[in-house]
Amino acid sequence: MQWIAEGHPDMDDWKTNIAESIDFGAAAVYVQGVKADQFYKAGRLDLLGKCVEFIKGRGVRAGSEPQT
């Protein structure tokens, strides 16, 4: 069975929660909406992009990627 993890990264430590999900075997990870809203309200949308790139860099699906 594959599962998609709901990431809950913090602005001060945005990698740990995502890395744990990947290490536990998630087939994909997305950033939970409330967390994304917090990044937006704080003017830190750059962190959302970093989260997505970090997930993809670990070889896991993130965001909206086409199926291959």
Side-chain angles (χ1 to χ4, degrees):
M1 176 187 295
Q2 293 184 359
W3 61 282
I4 299 171
E6 180 178 85
H8 294 266
D10 292 321
M11 278 187 262
D12 295 330
D13 179 15
W14 54 269
K15 286 185 179 180
T16 299
N17 178 266
I18 292 169
E20 288 173 344
S21 295
I22 295 168
D23 292 344
F24 287 139
V29 180
Y30 70 93
V31 176
Q32 197 266 348
V34 171
K35 288 296 190 174
D37 288 346
Q38 290 171 351
F39 290 178
Y40 173 75
K41 289 176 184 176
R44 295 301 314 266
L45 277 180
D46 61 305
L47 290 179
L48 189 57
K50 288 180 180 183
C51 289
V52 171
E53 290 304 315
F54 179 68
I55 295 164
K56 289 179 179 182
R58 296 279 308 265
V60 175
R61 290 184 179 266
S64 56
E65 295 181 39
Q67 287 277 42
T68 56

Quiz item: Going from CD on Glu20 to NZ on Lys15, what distance comes out if it is rounded to the nearest 0.5 angstrom?
Solution: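 With rounding to 0.5 Å, CD (Glu20) is 14.0 Å from NZ (Lys15).
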
Self-check item: Interatomic distance, Trp14 atom CH2 to Leu48 atom CG [nearest 0.5 angstrom]
Solution: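 Between atom CH2 of Trp14 and atom CG of Leu48 there are 11.0 Å.
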
Quiz prompt | Contact list for residues 42-55, test salt bridge (charged side-chain N to carboxylate O under 4.0 Å, His left out), sequence neighbours left out | solution = Arg44-Asp46

Quiz item: More than 12 heavy atoms of other residues, nucleotides or ligands under 6.0 Å from CD1 of Ile4: is that the case?
Solution: no

Practice problem: Determine whether more than 12 heavy atoms belonging to other residues, nucleotides or ligands lie under 6.0 Å from atom CG of Asp12. | Solution: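 Open: at most 12 neighbouring heavy atoms sit under 6.0 Å from CG of Asp12.
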
Practice problem: Could you pull out the closest heavy-atom pair between Phe54 and Ile18, with the gap in Å? | Solution: CD2-CG2, 3.7 Å

Quiz item: Does one hydrophobic cluster hold both Met11 and Val52, with members joined at side-chain heavy-atom distances below 4.5 Å?
Solution: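 No, because Met11 and Val52 fall into different hydrophobic clusters, even though each may have its own neighbours under 4.5 Å.
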
What side-chain donor-acceptor pairs closer than 3.5 Å can you find for residues 21-36, not counting sequence neighbours?
from, atom 1, to, atom 2, distance (Å)
Ser21, OG, Asn17, O, 3.3
Asp23, OD1, Arg58, NH2, 2.6
Tyr30, OH, Glu6, OE2, 2.8
Gln32, OE1, Val34, N, 2.8
Gln32, OE1, Lys35, N, 3.2
Lys35, NZ, Asp10, OD1, 3.1

